[in-house]
There are 2 protein chains.
Amino acid sequence: MMRSSMDECTREVLETVPSVMRVIRNELRKHRAQELSVPQFRTLNFLSRNKGASLSEVAEHIGLTLPSMSTLVDGLVTRNFAVRRTHPRDRRRVTLELTDRGHMILRSARDATRDYLAQKLESISLEDRSKVAESMRILRSIFAERAA
Amino acid sequence: MMRSSMDECTREVLETVPSVMRVIRNELRKHRAQELSVPQFRTLNFLSRNKGASLSEVAEHIGLTLPSMSTLVDGLVTRNFAVRRTHPRDRRRVTLELTDRGHMILRSARDATRDYLAQKLESISLEDRSKVAESMRILRSIFAERAA
DNA sequence: TATTGTTATACTCTATAACTATA
DNA sequence: TATAGTTATAGAGTATAACAATA
């Protein structure tokens, strides 16, 4: 009984998450103007809410290794979406911050993707939407990224 | 009111799905014995339930282009997880089928990943689990892959 | 001609290993 | 020595374009 509800849930998650993920990725990619990969998008998003975060902090939250995140950030800095600064007290650390342009790009990528998702979600009931939103919160509480 | 429930839902989906996706991918990768990428895993899964599917059918379901799927399948065939056959009536078509080894690999990858997910899901209530499972079904009904 | 699939090629993302700079 | 980050290098995954075979 417990067992079967568990199996059902894992099966559904394994089936659905990759599928939705691909849709999100493709949608983001369509709006080529922004030129953002999903992890870049998430990084901008994180930085917009965590101004001055260090590279390690971002890497941990997004779930990338430090070298990978360093490279990813390169791409953001090169295109002037973010700036690297040296931490005032610990000169080993890098603090990251969005530029105005970064904020704009984030907003437009987010809007485009949200619009698309919102359009998809319009076909389900209000009740189902709140169910989905709640389930997302539940999942996030379990799968929140920790140190790799 | 409608609007805000929509925004909340899209925000949650955009935040959560990539995060859970990364956990799944990393988990699958940990069990290196299987050497399966997420799309390969999904492909084996699809073929186990759709014996004799054509390359196009699989590509459409997984959400890859035909060339990409062709390459992916190469990897499965080379390692003897699947076989390519020619369709008896239309020699342009390829029909795909798992080998015994493919079934075994799929089962062991699935078990390992399921066990991991199941362990994670143990920390939430039975009620929450069924909520999550239902939400997955709802999302799948909206995001089911169609022709690219 | 239209359809199904493959091959050629290139690019993005990511990891591990080795390194630099600061603490 | 330990920590924060970067650079070098390599491999996986995917796309687009060009091609081959069959209908």
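Bear in mind the structure is a predicted one, so any value in this text is a computation, not a measurement. Lettering of chains follows the sequences in order, A, B, ..., and the numbering in each one begins at 1.
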Original post:
Taking only N and O in the side chain of B:Arg22, is any of them less than 4.0 Å away from OP1 or OP2 of C:dT14?
Top reply: yes
**OP:** Could you state the atom-to-atom distance from CG of B:Leu66 to P of D:dA18 in whole Å?
**Re:** 17 Å
Original post:
How many Å lie between CZ on B:Arg93 and C1' on D:dA20, as a whole number?
Top reply: 18 Å
Original post:
Where the side chain of B:Arg92 is concerned, which of D:dA23, D:dA4, D:dA15 is the nearest nucleotide?
Top reply: D:dA23
Original post:
Mapping A:Arg25 and A:Glu57 onto DNA chain D by nearest heavy atom, which one lands closer to the 5' end?
Top reply: A:Glu57
Original post:
Are A:Arg49 and B:Glu15 within salt-bridge range, i.e. N to O under 4.0 Å?
Top reply: yes
Original post:
Below 4.0 angstrom from OP1 or OP2 of C:dG5, is there any side-chain N or O of B:Ser56?
Top reply: yes
**OP:** Looking only at side-chain atoms of B:Pro67, point me to the closest of C:dT7, D:dG5, D:dT7.
**Re:** C:dT7
Subject >> B:Ser68 and B:Thr65: side chain donor to acceptor below 3.5 Å >> reply: yes
Original post:
Looking at A:Ser70, does any N or O in its side chain come under 4.0 Å of the phosphate oxygens OP1/OP2 on D:dG5?
Top reply: no
**OP:** Could you check how far CD1 of A:Ile62 sits from P of C:dT14, rounded to whole Å?
**Re:** 10 Å
Subject >> Separation of atom CE in A:Met69 from atom C1' in C:dT16, rounded to whole Å >> reply: 17 Å
Original post:
Short question: side chain of A:Arg91, backbone of A:His87 - any donor-acceptor pair under 3.5 Å?
Top reply: no
**OP:** Could you tell me the separation between the CG atom of B:Leu72 and the P atom of C:dT6, rounded to a whole number of Å?
**Re:** 12 Å
**OP:** Could you check whether B:Arg84 gets within reach of a base, just the sugar-phosphate, or nothing at all, counting any heavy atom under 4.0 Å?
**Re:** sugar-phosphate
Original post:
Which nucleotide, D:dG5, C:dT7, C:dT22, lies nearest any side-chain atom of A:Arg91?
Top reply: C:dT22
**OP:** Using heavy atoms to find the nearest nucleotide of DNA chain C for B:Asp74 and A:Pro39 separately, return the residue whose nucleotide is more 5′.
**Re:** B:Asp74
Subject >> Whole angstrom value for the distance that separates C1' of D:dG5 from CG of A:Leu96 >> reply: 11 Å
Original post:
Whole-Å distance between C:dT12 C1' and A:Leu36 CG?
Top reply: 14 Å
Original post:
Run the salt bridge (Lys or Arg N to Asp or Glu O under 4.0 Å) check on A:Arg140 and B:Glu12 step by step: do they pass?
Top reply: CA-CA 9 Å; A:Arg140 202 133 43 78; B:Glu12 294 290 348; 2.2 Å; yes
Original post:
Taking only N and O in the side chain of A:Ser68, is any of them less than 4.0 Å away from OP1 or OP2 of C:dA15?
Top reply: yes
Subject >> Nearest-Å distance for atom pair CG/C1', residues B:Leu55 and D:dA21 >> reply: 15 Å
**OP:** Verify, without hydrogens or angle tests, whether A:Arg93 (side chain) and A:Ser56 (backbone) share a donor-acceptor contact under 3.5 angstrom.
**Re:** no
Subject >> Residue-phosphate contact under 4.0 Å: B:Thr65 side-chain N/O, D:dT14 OP1/OP2 >> reply: no
**OP:** Identify whether any heavy atom of B:Arg89 sits under 4.0 Å from a base atom; if not, whether one sits that close to sugar-phosphate; answer base, sugar-phosphate or nothing.
**Re:** sugar-phosphate
